Amino acid sequence: MSNSRRDFIKKSFLLGVALSTPMALSAMFTNQEELTFSVDELMGKANPKMFGNGYKLRKEVHESLVKLTAAAKKDGFSPYVVSSYRNYNHQKRIWDNKYIKYTREQKLSPEKAIEKIIAYSTIPGTSRHHWGTDFDIIDGAKGVANNPLNEKHFNKGGVYHEFKLWMNKHAEDFGFYEVYTNAKDRKGFKYEPWHFSYLPTSCEMLREYINQGVIQNIQSSDIQGAKHITAEFLERYYNENVLDINTELIP
């Protein structure tokens with residue numbers, strides 16, 4: 001993300017104004033209907049209808065994933081979704097458990113515990129998994145490795161490396177883009193070679209997330225450690241963790 005774009009988004013956060021930059025979608029998606037999402041839906045507090053066998057995704061995301069799966073199987077792979085839609089309460093359980101573990105068992109300060117959590121886990125209400133557009137995926141043909149969502153499995157020599165190369169080459173043909181890339185200048189969440197997002201819908205949801213100022217609800221949330229989430233921290237988290245992603249996914 002360029003400095004000028006990051007500065008613009010920062011100003012949008014501080015002033016509570018909406019982004020006016022149009023979405024840059026490929027021609028294959030230009031006929032998609034305009035979507036409107038409530039704050040509850042964007043925060044994982046609604047109950048949207050989901051589709052899938054063993055996973056939960058929005059209808060259009062599921063349909064495109066079925067097509068990707070069929071293509072991958074022709075090349076000897078068996079895509080397996082490890083994680084998909086998660087509602088607010090699910091993410092809250094993850095967050096609260098980690099916060100309690102780090103503060104009580106590891107004796108970290110609240111601030112250090114929060115920093116440790118956000119290396120990989122999102123603050124409830126800010127997860128892309130709330131949207132039903134994102135999923136974590138591995139090659140089921142290789143089985144489920146111990147701690148499957150570990151970068152080493154996707155790097156050269158890893159059990160899912162060949163599948164990752166296939167996804168790098170073909171995923172975008174079906175509308176799926178890696179979210180947390182290994183770009184050197186990217187901040188926020190660590191590299192996640194397993195995490196993909198359906199661009200047509202997730203771009204629209206992120207645009208509305210920005211426009212509606214959803215991030216500002218976090219300080220008053222019911223999560224562990226909420227009182228230690230300052231406005232300054234939230235501004236940084238918003239810019240680095242929510243927005244510093246694959247630039248193709250920025251509306």
Side-chain angles (χ1 to χ4, degrees), residues 1 9 13 37 39-46 48 50 55-58 61 81-103 108 110-137 149-151 177-182 186-198 201-203 205-210 212-246 249-251:
M1 187 187 300
I9 294 173
F13 174 80
F37 304 96
V39 170
D40 279 352
E41 192 167 4
L42 293 169
M43 293 187 69
K45 294 183 176 182
M50 295 290 166
Y55 57 83
K56 296 179 179 180
L57 295 169
R58 291 181 177 275
V61 186
V81 174
V82 176
S83 180
S84 52
Y85 171 74
R86 293 199 296 266
N87 64 22
Y88 179 89
N89 287 331
H90 185 159
Q91 191 68 27
K92 183 178 183 298
R93 287 193 296 272
I94 294 173
W95 176 275
D96 288 351
N97 288 339
K98 287 187 176 183
Y99 184 86
I100 292 171
K101 176 181 179 181
Y102 296 154
T103 55
L108 296 181
E111 293 78 11
K112 288 184 177 180
I114 290 171
E115 290 291 348
K116 186 172 182 177
I117 295 172
I118 65 170
Y120 284 106
S121 296
T122 56
I123 299 174
T126 72
S127 176
R128 297 178 63 93
H129 283 286
H130 292 331
W131 299 347
T133 59
D134 288 45
F135 53 81
D136 302 329
I137 194 167
L149 302 184
N150 187 309
E151 183 184 339
Y177 287 71
E178 187 178 78
V179 181
Y180 306 114
T181 69
N182 59 354
R186 193 182 64 77
K187 299 179 181 180
F189 296 117
K190 302 293 187 181
Y191 173 46
E192 294 190 355
W194 52 81
H195 186 156
F196 285 80
S197 181
Y198 186 63
T201 308
S202 68
C203 262
M205 296 187 83
L206 179 57
R207 183 184 67 80
E208 294 203 18
Y209 196 96
I210 295 168
Q212 298 188 50
V214 178
I215 193 71
Q216 298 178 52
N217 294 314
I218 303 306
Q219 283 185 286
S220 60
S221 66
D222 57 351
I223 63 173
Q224 291 284 331
K227 66 181 180 181
H228 299 285
I229 296 178
T230 64
E232 292 76 16
F233 167 85
L234 196 59
E235 179 190 337
R236 173 168 61 86
Y237 175 85
Y238 176 72
N239 284 299
E240 296 183 358
N241 295 70
V242 176
L243 296 177
D244 205 351
I245 58 176
N246 185 340
L249 293 168
I250 297 290

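Remember, predicted model here, so these are calculated numbers, not experimental data.
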Visitor: Enter the distance from Met50:CE to Asn87:CG here, rounded to the nearest 0.5 Å.
Guide: 9.5 Å
Visitor: At what distance, to the nearest 0.5 angstrom, does CD1 of Ile137 lie from CH2 of Trp194?
Guide: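 Going from CD1 on Ile137 over to CH2 on Trp194, the span is 13.5 Å.
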Visitor: Tell me if a side-chain donor or acceptor on Gln219 pairs with a main-chain N or O of Ile229 at a distance below 3.5 Å.
Guide: yes
Visitor: Under the rule for side-chain contact (heavy atoms from CB on, under 4.5 Å), what residues qualify as partners of Ala113, not counting sequence neighbours?
Guide: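 Tyr99, Tyr102, Thr103, Leu108.
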Visitor: Thr126 vs Tyr209, test: side chain to side chain donor-acceptor pair (under 3.5 Å). Steps then yes/no.
Guide: CA-CA 9 Å; Thr126 72; Tyr209 196 96; 5.1 Å; no
Visitor: Does the Gln91 side chain pair with the main chain of Thr122, one donor and one acceptor, at a distance under 3.5 Å?
Guide: yes
Visitor: Nearest 0.5 angstrom please: Ile123 CD1 to Lys92 NZ, how far?
Guide: 13.5 Å
Visitor: What distance do Tyr85 atom OH and Trp131 atom CH2 have between them, rounded to the nearest 0.5 Å?
Guide: 13.0 Å
Visitor: Is any NZ, NE, NH1 or NH2 atom of the basic residue among Glu41 and Arg58 found under 4.0 Å from an Asp or Glu carboxylate oxygen of the other?
Guide: yes
Visitor: Measure the NZ-OG distance between Lys116 and Ser121 for me, rounded to the nearest 0.5 Å.
Guide: 11.5 Å
Visitor: Can you tell if the side chain of Tyr88 reaches within under 4.5 Å of the side chain of Asp222, non-hydrogen atoms only?
Guide: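 Result yes, sub-4.5 Å side-chain heavy-atom pair found.
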Visitor: Within 45° of the six-membered ring axis of Tyr120 and under 6.0 Å from that ring's centre, is NZ or CZ of Lys190 located there?
Guide: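 No, Lys190 does not sit over the ring of Tyr120.
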Visitor: Taking Trp95 for the side chain and Gln224 for the main chain, is one N or O donor matched with an acceptor at less than 3.5 Å?
Guide: yes
Visitor: Spell out, as yes or no, whether a donor-acceptor pair under 3.5 Å connects the side chain of Ser220 to the backbone of Asn217.
Guide: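 Answer holds: yes.
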Visitor: Side-chain contact test, heavy atoms from C-beta onward, threshold under 4.5 Å: evaluate it for Phe196 versus Val81 and give yes or no.
Guide: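 Phe196 vs Val81: side chains apart.
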Visitor: Are any of the side-chain heavy atoms of Ser83 and Tyr55 separated by less than 4.5 Å?
Guide: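 SC-SC contact between Ser83 and Tyr55 ruled out.
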Visitor: Give a yes or no answer on whether the side chain of Thr133 reaches the backbone of Ser202 with a donor-acceptor pair at less than 3.5 Å.
Guide: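 Checked: no pair found.
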Visitor: Quick one: are Leu42 and Met205 in side-chain contact, heavy atoms under 4.5 Å?
Guide: yes
Visitor: Are the aromatic rings of Phe189 and Tyr180 close, with centres under 6.0 Å apart?
Guide: yes
Visitor: A side-chain contact here means heavy atoms from C-beta on lying under 4.5 Å apart; do Lys98 and Ile114 qualify?
Guide: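 Heavy-atom side-chain distance check fails, nothing below 4.5 Å.
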Visitor: Using a strict cut-off of less than 4.0 Å between a Lys/Arg side-chain nitrogen and an Asp/Glu carboxylate oxygen, indicate whether Arg236 and Glu115 qualify as a salt bridge.
Guide: yes
Visitor: Return the CZ to OH distance between Arg186 and Tyr191, rounded to the nearest 0.5 Å.
Guide: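 The CZ atom of Arg186 sits 10.0 Å away from the OH atom of Tyr191.
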Visitor: Could you check whether any side-chain N or O of Asn246 sits under 3.5 Å from a backbone N or O of Glu178, counting only pairs where one atom can act as donor and the other as acceptor?
Guide: yes
Visitor: Taking all heavy atoms of Ile245 and all of Ile250, pick out the closest pair and write down the distance.
Guide: CG1-CD1, 3.7 Å
Visitor: Do you know which two heavy atoms are closest between Val179 and Ser197, and how far apart they sit?
Guide: CG2-CB, 3.5 Å
Visitor: Is Arg128 salt-bridged to Asp134, going by a charged N under 4.0 Å from an acidic O?
Guide: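 Answer for the salt bridge query: yes.
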Visitor: Return the minimal non-hydrogen interatomic distance between Pro251 and Leu206, and the atom names on each side.
Guide: CD-CD2, 3.6 Å
Visitor: Give a yes or no on whether the backbone of Thr230 and the side-chain of Glu235 come within a donor-acceptor separation of less than 3.5 Å.
Guide: no
Visitor: Ring centres under 6.0 Å, that's the criterion: do His129 and His195 meet it?
Guide: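 Yes.
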Visitor: Minimum heavy-atom separation for Val61 and Gly132, please, with both atom names.
Guide: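 That closest heavy-atom pairing would be CG2-O, 3.7 Å.
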